[in-house]
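All remarks here apply to the structure that follows.
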Amino acid sequence: MSAATAAPTGSQDSARRGLNTWDSPWLNFKFLLGLSMIAIILLMAGAGPLGLYDTTRARVASAPLNLPPAWTNIDNPFFGEPDPEYPLGTDSDGRDLTAVLLVGAPRSLHIGLIAAGAGMLIGVVLGFSAGFIGGWWDAFVRTISDSIITIPALAVLIVISAFVKNLDVVILALLLAAFAWPGPTRLLRAQVLSMRERGYVQMARLSGANTFSILFREMLPNMLPYLAASLTGNVSGAILAATGLEALGLGPTRIPTMGMTIYHAMYVSALFRGMWWWWGMPIVALVIVFTGLFLMTVGLDEIANPRLRGIREQ
Amino acid sequence: MSELTLGYFLRRLGMWLLTIWIGATLIFTIPRLAPGDPITAMVERMIQQAGYIENSADLIEAWRARFGLDGPWHVQYRNYLLSMVRVDLGYSLANFPARVTDIIGRSLPWTLGMVSIATILSFCAGNLIGALMAWRRVPAFIRNILPVSLTFTSIPFFMFGILLISFLAFKWKIFPAFGNYGRGVEPGWNLDFILSVLHHGLLPVLSIVVTSMGFWALGMRGMMVTTDGEDYMILANAKGLRSRRIFWFYGIRNSMLPQVTALALNLGAVAGGSLLVELIFGYPGLGYFLYQAIISADYTVIQGIVFMLIVGVATAVLILDLLYPMIDPRITYSKGQA
């Protein structure tokens with residue numbers, strides 16, 4: 001965000017309070033809250049390797065069956081006694097759901113990050129080149145991205161994984177990326193077109209900067225909030241598709257993921273059997289992930305567009 | 001009032017064909033890159049069940065020819081595209097005499113009805129809430145709807161569906177958990193049937209509406225804030241126009257177009273998400289039959305349903321594109337735009 005565009009809305013406030021370092025638009029409450037939610041999920045991956053929790057119990061038949069979470073006092077002969085050893089309970093295949101959460105939730109996030117990152121990379125290259133070169137290349141990129149964006153990614157992925165058994169996590173992420181690039185491409189193209197005629201870009205051009213450095217040193221920094229908002233949006237889109245695939249029983253099967261836990265729970269009708277902790281755990285974990293990403297996207301939108309920030313004071 | 005030129009129409013039609021062609025090509029190519037083929041896999045499964053099948057190699061060859069899986073790949077591709085053009089999706093592998101088009105014909109109306117009603121409802125409600133959010137003269141309780149509905153926005157449709165089933169269908173038994181209409185209800189144009197369909201459809205529709213409303217509201221709020229700063233809004237105020245008129249005909253009217261664009265761009269995701277909603281609710285639409293086909297490894301049905309889904313979304317986007325001139329007459333469809 002350049003200081004020039006932020007100034008009009010912030011000028012009165014800053015005059016009253018005096019400028020200080022905490023006026024940075026990046027200190028957006030929603031953005032930071034979302035960021036910390038995501039960070040917590042990512043940090044959970046460390047619990048196993050650091051020996052804080054025995055994550056090998058995420059495997060089948062490594063724990064007693066059907067234990068409710070430790071804090072409940074469910075008295076049902078079909079379930080076991082709640083055991084503090086298994087805080088979130090266990091499922092009917094003998095997986096410790098705490099271990100599944102610690103291993104699976106960061107894994108779901110990883111898939112999304114790889115997919116969205118790769119999609120963003122393609123988007124940066126195509127969007128920049130389309131906006132800058134123009135002509136037939138622009139028309140080509142725009143047409144292709146407009147038609148790919150309407151193809152339901154989940155549906156095509158279902159076809160793929162129905163044929164290819166045991167998809168690798170990285171392969172799955174890259175397949176997801178094949179549907180994640182049109183969004184950033186469109187966004188970047190539009191931004192390049194609008195920035196091309198701005199004063200500072202013309203200034204750079206006049207002072208003899210080459211195209212490459214105009215694109216990456218002049219334009220890219222100004223698009224960071226837009227890019228970041230698009231990235232977080234894509235991460236959650238990719239996780240959504242991956243989770244949907246897993247919930248159909250079509251995802252990678254070697255590592256526990258949140259979608260796979262939902263699949264297992266539905267497969268043995270945990271819903272009918274009242275084992276709410278089984279299907280509830282992945283839903284809560286994913287809701288935290290999605291909410292965190294969503295808060296980041298909204299926060300980044302406000303960082304990028306000062307007008308949205310002002311609305312609170314109305 | 002609209003200037004729907006032939007050139008614009010043809011360009012949009014071209015986009016529609018391109019989308020379907022790309023989709024069809026993806027569905028054709030990717031399974032062929034994978035090792036193994038479905039026919040061999042199916043015959044192997046039959047051998048496992050029956051113990052021994054005579055002339056299994058001949059059977060594989062005959063079936064390959066039957067399902068168009070023999071010959072070099074460019075011949076296969078040509079035949080495949082030709083059959084897609086004729087809307088001939090072949091036969092189901094798992095339930096052989098059944099044609100894929102019949103299965104789709106039975107399930108498509110349910111998906112179409114449920115998804116379109118849910119999308120229209122959430123689009124209208126979400127946009128209205130979003131527009132009101134950015135409006136200065138609204139009661140406080142409306143302002144509080146957005147943060148609440150936004151908290152649901154990040155939840156995938158089908159997960160919210162699981163929550164709805166567990167509370168409204170199992171715990172309090174207000175709504176049925178499965179199916180499209182009650183047992184013992186005669187399908188037809190009678191009140192019982194219609195009520196039963198509505199009763200069964202409400203939860204799936206609700207799970208889509210509640211989780212997608214906030215998305216539209218958020219976008220509309222941003223657009224309304226921008227529109228509100230325009231000079232013509234100040235002029236409308238100065239002219240002494242009634243607030244209601246300014247809101248609908250100046251505010252919403254001018255903020256609508258990007259939202260319609262966003263709708264066209266998001267239809268694919270909505271359609272994908274609704275597949276899982278149908279599965280969760282046992283709603284006999286495309287998603288439900290797709291899941292059945294996945295379980296029974298019925299590749300022709302999987303391909304057919306996904307192809308129909310791509311065609312459906314592309315057609316919906318085409319219709320939206322053709323409606324544009326009516327929503328915003330400012331856009332002219334001369335060459336180089338659109």
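Lettering of chains follows the sequences in order, A, B, ..., and the numbering in each one begins at 1.
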Give, as side chain, backbone, both or neither, the part of A:F290 having an atom under 4.5 angstrom from any heavy atom of chain B.
-> both

Please tell me if the side chains of A:L286 and B:P156 come closer than 4.5 Å, counting only heavy atoms from C-beta onward.
-> no

Of the listed A:T243, A:T150, A:L157, the one with the largest count of heavy-atom pairs under 4.5 Å with chain B is A:T150

With chain A, the option among B:G23, B:G268, B:G287 that has the most non-hydrogen atom pairs under 4.5 Å is B:G268

Please lay out, stage by stage, how A:I151 and B:V313 fare under the test side-chain contact (heavy atoms from CB on, under 4.5 Å).
-> CA-CA 7 Å; A:I151 295 176; B:V313 174; over 6 Å; no

Using non-hydrogen atoms only, which part of B:L267 is less than 4.5 Å away from chain A: side chain, backbone, both, or neither?
-> neither

Go through the steps to decide whether A:I158 and B:I305 satisfy the test side-chain contact (heavy atoms from CB on, under 4.5 Å), and finish with yes or no.
-> CA-CA 11 Å; A:I158 286 173; B:I305 288 180; over 6 Å; no

Nearest-0.5 Å distance, CZ of residue A:F294 to CG of residue B:L218 | 5.0 Å

Could you grab the distance from atom OG1 of B:T19 to atom CG of A:D146, nearest 0.5 Å is fine?
-> 8.5 Å

CG of B:L163 to CH2 of A:W279: how many Å apart, nearest 0.5 Å?
-> 5.5 Å

Heavy atoms only, distances under 4.5 angstrom: which of B:S166, B:A271, B:A314 has the most pairs with chain A? Name it, please.
-> B:S166

Checking heavy atoms, do the side chain of A:I239, its backbone, both or neither come under 4.5 Å from chain B?
-> neither

Quick one: are A:V159 and B:F28 in side-chain contact, heavy atoms under 4.5 Å?
-> no

B:L290 versus chain A, heavy atoms under 4.5 Å apart: side chain, backbone, both or neither?
-> side chain

Honestly, the part of B:I20 sitting under 4.5 Å from a heavy atom of chain A is neither

Counting only heavy atoms closer than 4.5 Å, note whether A:L248 contacts chain B via side chain, backbone, both or neither.
-> both

Where do A:L250 and B:Y291 land on the side-chain contact (heavy atoms from CB on, under 4.5 Å) test, with the steps shown first?
-> CA-CA 10 Å; A:L250 289 172; B:Y291 183 66; over 6 Å; no

Chain A heavy atoms under 4.5 Å from B:A316: which part of the residue, side chain, backbone, both or neither?
-> neither

Chain A contact via B:I280 - which portion, at a heavy-atom distance below 4.5 Å = side chain

So what's closer than 4.5 Å to chain B heavy atoms on A:L240: side chain, backbone, both or neither?
-> side chain

Please report the shortest heavy-atom distance between A:G244 and B:L276, naming the atom on each side.
-> CA-CD1, 3.5 Å

For A:S236, is it the side chain, the backbone, both, or neither that has a heavy atom closer than 4.5 Å to a heavy atom of chain B?
-> neither

Looking only at heavy atoms, the pair that brings A:L154 and B:G272 closest together is CD2-O, 3.2 Å

Hey, what do you get for OG (A:S147) to CH2 (B:W16), rounding to the nearest 0.5 Å?
-> 13.5 Å

Rounded to the nearest 0.5 Å, what separation is found between the CD1 atom of A:I262 and the CE atom of B:M159?
-> 4.0 Å

